[in-house]
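Just so it is clear: chains get the letters A, B, ... in the order the sequence lines come, proteins before strands, and each one is counted from 1.
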Number of protein chains: 2
Amino acid sequence: MTSRQEKAIETKKRILRTALDLFSEKGFDRVSVDEIVRKSETSKGAFYGHFTSKYDIFLEKFKEIDQFYSDFQESLPDSLPAEQKIRKLAIAQMEYLRDEMGRDGIRSLYAYALTPSVDNYLSDTERPLYAILEQLVSDGQEKGELTTSASSGQLALLLSRSMRGTLYDWAIFDGDFDLAGEIDGWLELLFRGIRN
Amino acid sequence: MTSRQEKAIETKKRILRTALDLFSEKGFDRVSVDEIVRKSETSKGAFYGHFTSKYDIFLEKFKEIDQFYSDFQESLPDSLPAEQKIRKLAIAQMEYLRDEMGRDGIRSLYAYALTPSVDNYLSDTERPLYAILEQLVSDGQEKGELTTSASSGQLALLLSRSMRGTLYDWAIFDGDFDLAGEIDGWLELLFRGIRN
DNA sequence: ATAGATTATAGACTGCGGTCTATGGAATTG
DNA sequence: CAATTCCATAGACCGCAGTCTATAATCTAT
């Protein structure tokens, strides 16, 4: 590690810290890259040398959620039925995103995922979320608790889409929207079926 | 109708036609407002006099879908069970959007809906889609076909969120994605429940 | 018919995210 | 230690969506 590399890492950290501070203070899209650069006393060149885009910073933060998933899954008692595990995970995830990223953060992230020709993280089926969901579903199927009329992969995708759909709606609906309550009601119906 | 107003309407039509042509030719975000203005031989002033934003044009087109919903609903035989009506509507809607707007169109629309402080159409619970869904659900509940553990409004929201979630995923996933098939499989599970 | 009000439009301008190029100081090489 | 290479950074620049202002053509009132 040369002194130049050390300085570069310092610069990157300073940009990251400044950006996250500003985002949480003013909201993602009321902060410009110029402002981040000015306040961190760096430059556009430095910024785009360290990050591929303004959203990239956000993505770094968002990826921390995968650690949260792992930790949470491990904290679940083995004895719990698959349905309970899945519902608890979903609720905890919503609370985490609400508190850690906020509506504004989710809105920005979901908008970025729609940018053409961007490798977005949301649709990356390699992300830990899918593996964890699939494992939970698969266990439930083996124990006879969940339907086997669809594969564990399909059910995991269904569940993750449920979460995305709920988060998307949270982002676009103006009024009150209780994320945890919404996903709970949703899963209740999904598990039970809406047919009488 | 003075000659001035007539000319203005002509201008608006010319911009609209040019824009839609360019969008379908090159895709929404590979067309700039400057290009629309140049090709339609008008100006920025004219463009923003007639439309509130570049997306506004798209929204006009998207709103046509409500006519489609009405027509489709009326074409459904009364004798059909509520579930069948809802599923047929959902599938027809997906085919309509796939063919009339395309993935690129949906992507742009869904990204626009995430723009802060924009009255977006997707979350407007006054749109005909909600009324139609709620009517179908309500009929089904009265006939004892659907659960009454949630209100018709809640179930209609659940169904519309299912559609949004599926469309969002269509927009962000790169590979093959059979919209009609996905919503069908989804509703199959939603109606039946994934619990064993 | 003429003066004055109105308004659709032209196009300069702003602020944004992101790119490109030049440069100075550190690293490497002999 | 001198010469050369390298690369993190600075900041001018670009293309974009959207705003603002000036203007000329048309409409209205007398």
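Between B/Ser43 and C/dA10, a side-chain N or O to OP1/OP2 separation shorter than 4.0 Å is present. A sub-4.0 Å separation between OP1 or OP2 of D/dA8 and a side-chain N or O of A/Thr11 is absent. Phosphate proximity of C/dG18 to A/Tyr48: present, with a side-chain N or O under 4.0 Å from OP1 or OP2. Dashed line: the shortest gap from a side-chain N or O of B/Ser32 to OP1 or OP2 of D/dG15 is not under 4.0 Å.
Between C/dT9, C/dA27, C/dA10, one nucleotide has an atom nearer to the side chain of A/Ser3 than all others, and that is C/dA27. The side chain of B/Ala46 approaches C/dT9 more closely than any other nucleotide in the set D/dT9, D/dT26, C/dT9.
Taking atom CZ on B/Arg38 and atom P on D/dC16, their separation rounds to 8 Å, with Å as the unit. Rounding to whole angstrom units, CD1 of residue A/Ile9 and P of D/dC7 are separated by 15 Å. The distance between atom CD of A/Glu6 and atom C1' of C/dA26, rounded to the nearest whole Å, is 13 Å. If you take CZ of A/Phe47 and P of C/dC20, they are 17 Å apart, rounded to a whole angstrom. Atoms CG (B/Asp34) and P (D/dC14) sit 15 Å apart, rounded to a whole Å. The distance between atom NZ of A/Lys44 and atom P of C/dT21, rounded to the nearest whole Å, is 16 Å. Going from atom NZ of A/Lys54 over to atom P of C/dC16 covers 9 Å, rounded to whole Å. In this structure, B/His50 atom NE2 and D/dG18 atom P are separated by 17 Å, rounded to whole Å.
Defining each end axis of the helix from C/dA1-D/dT30 to C/dG30-D/dC1 as the rotation carrying four pairs' C1' atoms onto the next four, with five pairs an end, the two axes are found to diverge by 0° to 10 degrees.
A/Val37 comes within 4.0 angstrom of no nucleic acid atom, judged by non-hydrogen atoms across all strands.
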Distance-only criterion, 3.5 Å: show the donor-acceptor pairs between side-chain atoms of residues 70-80 of chain A and protein atoms not counting sequence neighbours.
| from | atom 1 | to | atom 2 | distance (Å) |
| --- | --- | --- | --- | --- |
| A/Ser70 | OG | A/Asp66 | O | 3.2 |
| A/Asp71 | OD1 | A/Gln67 | NE2 | 3.0 |
| A/Ser75 | OG | A/Phe72 | O | 2.7 |

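Between B/Glu188 and B/Arg192 there is a salt bridge, since at least one side-chain N of the basic residue sits less than 4.0 Å from a carboxylate O of the acidic one.
Relative to the ring axis of A/Tyr112, A/Lys54 does not place its NZ or CZ within 45° and under 6.0 Å from the centre.
Both A/Lys7 and B/Asp29 lie near DNA chain D, and the one whose nearest nucleotide falls closer to the 5' end is A/Lys7. Closest-nucleotide positions on DNA chain C for A/Arg4 and B/Glu41 were compared, and the one nearer the 5' end corresponds to B/Glu41.
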Full working for side-chain contact (heavy atoms from CB on, under 4.5 Å) between A/Leu129 and A/Phe68: CA-CA 10 Å; A/Leu129 171 61; A/Phe68 167 81; over 6 Å; no
Working for side chain to side chain donor-acceptor pair (under 3.5 Å), residues B/Glu134 and B/Ser152: CA-CA 6 Å; B/Glu134 192 168 346; B/Ser152 59; 3.3 Å; yes
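Under the ring-ring contact (aromatic ring centres under 6.0 Å, His included) criterion, A/Tyr168 pairs with B/Tyr110, B/Tyr168, not counting sequence neighbours.
Within a 6.0 Å sphere centred on CD of B/Glu41, other residues, nucleotides and ligands contribute 12 heavy atoms or fewer.
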